[in-house]
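Reminder, nothing fancy here: chain letters follow the sequence lines and each chain counts from 1. The figures here come from the full heavy-atom set of this structure, side chains too, leaving out hydrogens, waters and symmetry mates.
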Number of protein chains: 2
Amino acid sequence: MPGARGGAARSIGLSAVIVAATGHEPRVLTIRAGQDFVEALPSGPLEAEHRTLEIGLRNWVERQTSERLGYVEQLYTFGDRDRVAPEIADGAPALVVAYLALVREAAPAGAAGATWQSWYRYFPWEDWRGGRPAQLPLIEERLSRWAAASPGEALRRLREERIGLAFGLGGASWNEELVLERYELLYEAGLVAEAARDLGGTTPGPEDAATGVAMAVDHRRILATAIGRLRGKIKYRPVVFELMPPAFTLLQLQRTVEALSGVRLHKQNFRRLVEQQGLVEETGAMSAATGGRPARLVRFRREVLLERPAPGLRLRAGRRGGAIS
Amino acid sequence: MPGARGGAARSIGLSAVIVAATGHEPRVLTIRAGQDFVEALPSGPLEAEHRTLEIGLRNWVERQTSERLGYVEQLYTFGDRDRVAPEIADGAPALVVAYLALVREAAPAGAAGATWQSWYRYFPWEDWRGGRPAQLPLIEERLSRWAAASPGEALRRLREERIGLAFGLGGASWNEELVLERYELLYEAGLVAEAARDLGGTTPGPEDAATGVAMAVDHRRILATAIGRLRGKIKYRPVVFELMPPAFTLLQLQRTVEALSGVRLHKQNFRRLVEQQGLVEETGAMSAATGGRPARLVRFRREVLLERPAPGLRLRAGRRGGAIS
DNA sequence: CTCATAAATGCTCAGTTTGAGTATAAGGGA
DNA sequence: TCCCTTATACTCAAACTGAGCATTTATGAG
């Protein structure tokens, strides 16, 4: 990094993972960036006139995607060198502060070719709602081979342990929060396109169906961080409601939670939990029938924030993967 | 901010909250900074030769305090303008990435006048181990007066709600994780010395026993963030063990958890929890008696990481505040 | 109009987990 | 030896969980 000395000033970027949930899918707002139109997260520089980081973020997200952010939370700050090879990152900011934002409706996405994509487009192995994802056996096999090819016995064991933990093999069970850990393993093992690209190779890398669609620079890593954080947070904080319309049915709520967490839940127990915790209250209205008996429309009950220390939806998965009533 | 324009480069700082636990007290490593020798967190600039933020941090912490960090986790990134009034912050970095580090032993703290302080020195109202802290009534009364003096009915109600939530009044109960929320209320209400100072006043502000000792710039805010984060984390991740010696008794472990969380726990249930979760294993040795019958010495059982999704010590407080066997 | 289908809701029930104690055991010191 | 202190074992009722079964109320096909 030419010219940069101790305590050097560096350019600072902001990136946003903007999440919505529509049609039972978790969506993330993406744009097409660069000459190769690779998918990317809305990003921009921190500008001097912004009083705070968060205000800066809100500002240009509104300009860039005409999306008005509600709930915003800082995710993580990514330093430069641990991001990508320097020769790739020229022009990229030295430091990126990433934010997670939740918005209520997936408006058609305004300017700059911004579109809403299911986040499972980038992480197909994270969606267990229809049972164990089909691409997992292949992924696991490739990871095993990578571990087996480790230089040194100790490293091999370390890798195998990490793989076992992250993918729920041998003993451990699938933990839906370990999104970043899984992505990082795939990256290190060279199984995602970004790995080949960052190494300077021009080969597009193994962008087959099994390992999902690549994103610009380290945006997929940022997205993985966001998904993991959100999956954890819904368990002890009522953040799902940021994604729901003002009134909704319990099944809609359940489907949203399932979309985010990637697992199926037991319906009756889910309702019991939601009601026991006092997370919702009646609106009096009924839904315009979604196929069967009309459902009560409920709304989020704000007062719960005052009552419970950790009002969330600790989601207890239903029968492993299968269809649940 | 003169000369700063869109996407401007800015200097980046790193701050570290370095935590240890000794003698049943939670300690934080502080230095004396500036001409007025105000207490501060170890901090330094991000330097160009550091490959990652975390490496940069480890590096100068070792140089500055001769403390070798084990567990390190990124805490939060604080933007400039939401920190302090610009006229105060000259020379201070524009952006500070704060880290939380846990170290095993409180070595006597090396250079630069670094010393270990109980963190309740800065947050006396956070220590409920001996029952409800004596300074709380006064704090609550002052906060109430601040809320009552709000310009506008809506704002008044908002403030009262925030106070109620943060301090566990009316309905809500004390939530030990809301350290930052409580500090921010005190700051906004002008009850901590930093508030008066940041407003440009030269008055030292109300630095009485009730509202704790002030720190440099926004370091007390950073510390509050760290304490809250750590209090939350011990519940679902076995991070306490980063603070324990290789072998310890169950009571030592309990006292450490109590020190961090600031509440007393029910002894028998605590042991049951720790053992059921498989968090520890026998060393075979016995303790050199801490006053009564000798206790088994145990050690952290690493394998638990592979077995449980969230191995932590969800601390269920004992009888409100009082002494517990 | 009647029946099959799809949800929404109600309720049960056994197995765990929690919160709070009671009862003993085992050192050290007066 | 008696007392004080801490370690450990056990108990027990209440609350919480995980899995299902059973009903109710719409909609759409015959």
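- Listed nucleotides: dT8(D), dA7(D), dC21(D). Nearest to the side chain of Q268(B): dT8(D).
- When rounded to the nearest whole Å, the span between CG of L297(A) and C1' of dT9(C) equals 15 Å.
- Judged by distance alone, the side chain of E25(A) and the main-chain N or O of A259(A) form no donor-acceptor pair under 3.5 Å.
- Distance from the side chain of H266(A) is smallest for dA19(D) among the nucleotides dT18(C), dA8(C), dA19(D).
- Nearest to the side-chain atoms of P294(A) among the listed nucleotides dA26(D), dT6(D), dG18(D) stands dA26(D).
- Here E258(B) pairs with R255(B) in a salt bridge; the nearest charged N to carboxylate O distance falls below 4.0 Å.
- With rounding to whole Å, R255(B) atom CZ is found 10 Å from dT6(D) atom C1'.
- Proximity of K267(A) to the phosphate of dA8(C): a side-chain N or O atom is located under 4.0 Å from OP1 or OP2.
- Under 3.5 Å, the side chains of Y183(B) and E181(B) contain no donor-acceptor pair of N or O atoms.
- Closest to the side chain of L251(B), from the set dA8(C), dA19(D), dA7(D), is dA7(D).
- dA7(D) atom P lies 15 Å from atom CG of N269(B), rounded to whole Å.
- An OP1 or OP2 oxygen of dT9(C) is reached within less than 4.0 angstrom by a side-chain nitrogen or oxygen of R271(A).
- For R293(A), no side-chain nitrogen or oxygen approaches OP1 or OP2 of dA6(C) to under 4.0 Å.
- The interatomic distance linking E275(B) (CD) with dC10(D) (C1') rounds to 14 Å, in whole Å.
- With T283(B) contributing its side chain and A247(B) its backbone, the two residues share no donor-acceptor pair below 3.5 Å.
- Among the atoms of the strands shown, only primed sugar atoms or phosphate atoms (P, OP1, OP2) are found under 4.0 Å from some heavy atom of R296(B).
- Rounded to a whole Å, the CZ atom of R272(B) is 15 Å from the P atom of dT22(C).
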